[in-house]
Student: 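Take this structure, written in structure tokens, and hold onto it; I'll ask about it next.
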Amino acid sequence: MDSGTDRLVERPPSSRFSYAQMSRFPDYVESYNPTLSDIHLDETAPNGVEDEVNKPTPDTTVKGSGGNADVQDKSAKGRNMFFKDGKRRIDYVLAWESKEDDLKHKDRNIKAREIFETHLKEEGLQLEEDLTVSKEEEADFVKVHAPYEVLTRYAEILKLKMPVKKSFKNMQSYQNLVLDKIQMKYSQLENPMKSVSTKLWTKVTGIANRIYTPFQLNEELVPNVKRRFTLVYSRDKEYLFDIPEDKDTFFDNATRSRIVNFILRRKSFSTDKNDAYSFGINKMINDNIYTAAYSLHEGHWKPGSAPNERKLLFDHWGNWRNMFKVQPLEHVRNYFGAKIGIYFTWLGFYTMMLIPASIVGLVVFIYGIAVAPGSYPAKEICDPKNNFTMCPLCDFQCPYWNLYESCSNAIASRMFDNGGTVFFAIFMSFWGTLFLEFWKRRQATMQYKWDLLDYVREEQPPRPEYLARLENCTHYRIHPITGLKEPHLPFWTKRVPIFLMSYSIMFFLGFLAIAAVFGVIAYRVSVLAALQVLTKDRPTSTNSTLVATTTATIYENASLVTTVTAACINLLIIIILNMIYSRLAFWLTDLECLRTQKEYDDSITLKLFALQFVNYYSSIIYIAFFKGRIIGRPGKYTTMFGARQEECAAGGCLIELCIQLAIIMTGKQLFVNNFTELVLPKLIKMIKRCLSKETKAEKASRASYEKDYKLEAAQSTSLFYEYLEMVLQFGFLTIFVAAFPLGPLFSLINNIIEIRMDSSKMITHLRRPLADRSPDIGIWYSVLYGISRIAIISNAFIIALTSDYIPRMVYLNSYSKDDSLKGYLNHTMSYFNTSDFEVDHRPTYAGSENIQICRYRDFRNPPWSENAYEFSQLFWHILAARFVFVVVFQNVIVLITGLIAWLIPDVPAELKVQIRREAYISNEIIIKTELLRAQGKSPEEGEAAIEAISEVGPQYLVDDTGSAKLMYRKSPGNSPEREEENIV
């Protein structure tokens, strides 16, 4: 039908949709709604309408591409993604700068491009040039189209899985009876836990579905992508596959671009067949022969643009108003490929798993707030009657001080140092294991849904940088996999010295981060000493009440002020070192001259993670495990470079560890990362827009591939930095979680923002990345597993050494007279006779000679005992308790987490059955169809062959979810009711 400018094309009963088209429509059996799809009228229009729709607009031409770009984006047809004939789709675009100043390189580049494009044409690809007309144009373009014959040839080579024909007869017969049950069982594949009982599990899932309903996407606006039953494509068995009448639509755009990229990476741009250096589009971009090679975005994302997959993703994935909605992962995978889809699946799953951790952490924090003021250690410290005179915190000028002056610090410390902290540390240890185990199950489900179970990583060609560095190499060898003659670096004479130098520099960079920590320690010691010199009597001499009050407040909270400012300085140092580490890590990896991109990525991953691990965690490890441990005692302090080491505040070191974690973790994620990923790109874009001399009319006249060329290139390391950021966050959460229960909540908030920032960047700021395939998150899983093991040991030592939990338990169970913590404070304070001060450390301020006894936090004998100042029996008792706690905690948690990992299978049981069932059906389909062909029947009867399987033996149904269910064993004469009873 046609009314005015609106055209609704109904699907003829005889036509067949492509797999790419059917994946976008909620109900493709009868018809489709053009407002919910990509509105590819040119692909689905019946005869007579297709030519009219595909016809280029005659009155608007842009650099030979046909049509004003902005008008096209907002028209019903959408963006023009075709050659000038309006029929051949643009699968890839090659671009190079129009202005080349170096004449020698210009001639070389022109010749290389001519040879390369000739080889592409010989391969069967079709090219269309779009050369510069005016001097103001920045680049020339070559548009690449892959005909159906080329696509099928390489689909067979790459072993791509494509959808088979579907028996609608069987589907319609039993749809009402079986479809709901199949979909319900299939949805359980994504649930990490199996039901204890079906009834109980149904109630639980029903409640969960009602809770999750507000967070679900509107299925009318974002149609579900239904999985099809697929087989590895073969041209000999093409009759098995669901090939539409318009064969060019059989492969979706992402698959087409991936096949073209596969060809581009393997074609030579030299006439010398023995030239091992001159091949591949990546090498040509590295040599500036081309400046870019990319596939096109499918339309514009801005409001008012025609409906398309890119706009759908922006509206329902990258838009901030949907930040609390689930991600349309199937659409992400169809548009960006499985590699990017797996990353966002992992990030979404990790964010979801943070919800229970955030709730428990918030409850533990509230519990700490409730019990902190009433805890006996804090009450005794805040009681002025307990007038403990404490020993000076620094030499010479630091005064003696009263313990009750640290009341606020003690209360704050008790908020994090309580029984809830121990529970939370145990909980997070289990949480880390459950997260990794459930992720493996989730990953297995996505591998099944995205046809990645049988994924075989293709043999990667040498990196362009590798070939460029070895251009003058005299050593060659035959590669054992490809059989090609390639340049080779000798191991002992070349590689070993480079590796030794590389890792020696890495150790030096690690020591640089540790040296920065010592610098911050020196700052803390000096500032704390300077603040302690201020006395309460000094501000009273001023006429300013504000100055007097401020000085008194600083004096009372000198330790807190020092900790906060030192943590901020440490964060600044970390940011600076990170920039240095990133550049040096890539430089060192380049020196290693690694052959393939995977080897390069694994090497840079280990380097950057190790360097950033030391950079971020060294100061935290110092506070958690070393600060205040080897300071000595009054009269015999342990010095370093002639100065006393810093000691923990009256409330212990746990509160300082909490402050350090809060500032570094939240400062890095919520401010530094979000600024660099969200604010900075917008500022750069705004500046470029202000500096640009291009008018709106000129911008609107640009073709789609010119607009995409203006976007930033999608780097191969973009996902690497995203993974690194999240893995470092996982380390903060698990390794030091005992000191900061609010960490999961802050991480949850950050990740919700991170998902939308990353998705918006992918859609709006970057060229369309290659739709690459990857079955898992790679080496990052091993890194996460290692962190989860380290976290168990770390939390055991934090509870045993940094917190006062073990000393309190020892006092409560062995020394308390009324089974309470009354008297615990005095129990932890040792005595010191001020006359025993060394001359170099004796206080020299006026009035210090009047103090005879001062107290300090330690477990030592008093000065009047026989073994004065030696460790007391209580010290050894507590040390033994700490050791036992670490051993028991570590082994029990490792044992239980190992048992949990063993009990939870990596692949859900139903998924295993489903995989075996599909493998069986695949063999049956091929056997039956080949048998019919051997009997002389034509390939067109393949669909009848599929249906013939149900006539003999068990019958299977392939439903819209991709499930193949065993239905019944067909018996002649059975009634429909009897046949329903035979369902398995």
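Worth knowing before you read on, the calculation uses all heavy atoms, side chains too, and leaves out hydrogens, waters and symmetry mates.
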Student: Can you give me the closest heavy-atom contact between Val222 and Pro328, atom names plus distance?
Tutor: CG1-CB, 4.0 Å
Student: Parallel, tilted or perpendicular: which describes the rings of His145 and Phe83, with under 30° parallel and over 60° perpendicular?
Tutor: perpendicular
Student: What heavy-atom pair brings Asn308 and Arg310 nearest, and what distance separates the two atoms?
Tutor: OD1-N, 3.0 Å
Student: Centre-to-centre under 6.0 Å for Phe336 and Phe344, is that the case here?
Tutor: no
Student: From the options Ile110, Ile289, Asn109, Val142, select the one residue that forms a side-chain contact (heavy atoms from CB on, under 4.5 Å) with Trp96.
Tutor: Val142
Student: For Lys449, is there any backbone N or O sitting under 3.5 Å from a side-chain donor or acceptor partner on Asp451?
Tutor: no
Student: Hey, what do you get for CZ (Arg442) to CD1 (Ile342), rounding to the nearest 0.5 Å?
Tutor: 9.0 Å
Student: Measure the shortest side-chain to side-chain distance between Gln914 and Arg917 over non-hydrogen atoms and say whether it is less than 4.5 angstrom.
Tutor: yes
Student: Strictly distance-based, threshold 3.5 Å: is any side-chain N or O of Glu117 a donor or acceptor partner for the main-chain N or O of Glu114?
Tutor: no
Student: Taking the side chain as C-beta and beyond, is there a heavy-atom pair between Lys237 and Tyr239 under 4.5 Å?
Tutor: yes
Student: Which atom pair, heavy atoms only, marks the closest approach of Gly318 to Ser759?
Tutor: CA-OG, 3.3 Å
Student: List the residues meeting side chain to side chain donor-acceptor pair (under 3.5 Å) with Asn261, not counting sequence neighbours, and say none if there are none.
Tutor: Tyr92, Arg265
Student: Salt bridge check: are Asp242 and Arg228 linked by an N-O gap of less than 4.0 Å?
Tutor: yes
Student: Does a side chain donor of either Thr291 or Tyr709 reach within less than 3.5 Å of an acceptor in the other side chain?
Tutor: yes
Student: Check this for me: does any side-chain nitrogen of one of Glu712 and Arg767 sit under 4.0 Å from a carboxylate oxygen of the other?
Tutor: no
Student: Quick check: does any side chain N or O of Gln447 sit under 3.5 Å from a backbone N or O of Pro775, one acting as donor and the other as acceptor?
Tutor: yes
Student: Can you see which heavy atom on Asn334 is nearest to which on Ala254, and at what distance?
Tutor: O-CB, 3.3 Å
Student: Indicate yes or no: does Arg256 engage Asp91 in a salt bridge with an N to O separation below 4.0 Å.
Tutor: yes
Student: Do you know which two heavy atoms are closest between Pro244 and Thr249, and how far apart they sit?
Tutor: CG-OG1, 3.3 Å
Student: Go through the steps for Glu706 and Phe141 under the test side chain to side chain contact (heavy atoms under 4.5 Å, CB included), then give the verdict.
Tutor: CA-CA 8 Å; Glu706 292 180 282; Phe141 302 91; 3.6 Å; yes
Student: Nearest 0.5 Å, please: how far is CG in Leu452 from CD in Gln443?
Tutor: 9.5 Å
Student: Could you tell me which non-hydrogen atom of Arg768 sits nearest to which non-hydrogen atom of Leu296, and how far apart they are?
Tutor: NH1-O, 3.1 Å
Student: Just verifying a value: how many Å separate Ser257 OG and Tyr294 OH, rounded to the nearest 0.5 Å?
Tutor: 13.5 Å
Student: Is there a side chain to side chain contact (heavy atoms under 4.5 Å, CB included) between Ile263 and Leu125 once you walk through the steps?
Tutor: CA-CA 9 Å; Ile263 299 173; Leu125 297 179; 4.0 Å; yes
Student: Ion pair present between Asp248 and Arg88, side-chain N to carboxylate O less than 4.0 angstrom?
Tutor: no
Student: I'd like to check the side chain to side chain donor-acceptor pair (under 3.5 Å) partners of Trp450; sequence neighbours left out, ordered by chain and number.
Tutor: Glu330
Student: Should Lys159 and Tyr233 be marked as a side chain to side chain contact (heavy atoms under 4.5 Å, CB included) after you check the CA-CA gap, both sets of side-chain angles, and the distance that decides it?
Tutor: CA-CA 6 Å; Lys159 299 187 183 334; Tyr233 180 80; over 6 Å; no
Student: Distance only, no hydrogens: is a donor on one side chain within 3.5 Å (strictly under) of an acceptor on the other, for His331 and Glu309?
Tutor: yes
Student: What verdict does the side chain to side chain contact (heavy atoms under 4.5 Å, CB included) test give for Leu264 and Phe116, after you've listed the backbone C-alpha separation in whole Å, the side-chain angles of each residue and the deciding distance to 0.1 Å?
Tutor: CA-CA 9 Å; Leu264 295 177; Phe116 184 70; 3.9 Å; yes
Student: In Å, rounded to the nearest 0.5 Å, how long is the span from CE of Met162 to CG of Leu151?
Tutor: 9.5 Å
Student: Whether the side chain of Asp776 engages the backbone of Gly778 through a donor-acceptor N/O pair (distance < 3.5 Å, no angle test) should be reported.
Tutor: yes
Student: Does NZ or CZ of Arg258 fall inside the cone over Tyr154's six-membered ring, less than 6.0 Å from its centre and within 45° of the axis?
Tutor: no
Student: Is Asn253 close to Glu298 at the side-chain level, that is, under 4.5 Å between some pair of heavy atoms?
Tutor: yes
Student: Tell me if the CD atom of Glu149 is crowded by more than 12 foreign heavy atoms within 6.0 Å.
Tutor: yes
Student: Rounded to the nearest 0.5 Å, how far apart are CG of Leu127 and OG1 of Thr118?
Tutor: 9.0 Å
Student: Measure the OG1-CZ distance between Thr152 and Phe250 for me, rounded to the nearest 0.5 Å.
Tutor: 9.5 Å
Student: Taking the basic N atoms (NZ, or NE/NH1/NH2) and the acidic carboxylate oxygens, is any pair closer than 4.0 Å for Glu156 and Arg235?
Tutor: yes
Student: Using the six-membered ring of Tyr335, assess whether NZ or CZ of Arg333 lies under 6.0 Å from its centre and within 45 degrees of the ring axis.
Tutor: no
Student: Compare all side-chain heavy atoms of His297 with those of Ser704 and state whether any distance is below 4.5 angstrom.
Tutor: no
Student: Identify whether the distance between the nearest side-chain nitrogen and carboxylate oxygen of Glu123 and Arg153 falls below 4.0 Å.
Tutor: yes
Student: Counting only N and O atoms by type, is there a donor-acceptor contact under 3.5 Å from the side chain of Arg89 to the main-chain atoms of Met81?
Tutor: no
Student: Please check: side-chain N/O of Thr255 versus main-chain N/O of Phe251, any donor-acceptor pairing under 3.5 Å?
Tutor: no
Student: For the backbone of Lys267 and the side chain of His119, can you confirm whether one donor and one acceptor N or O come within less than 3.5 Å of each other?
Tutor: no
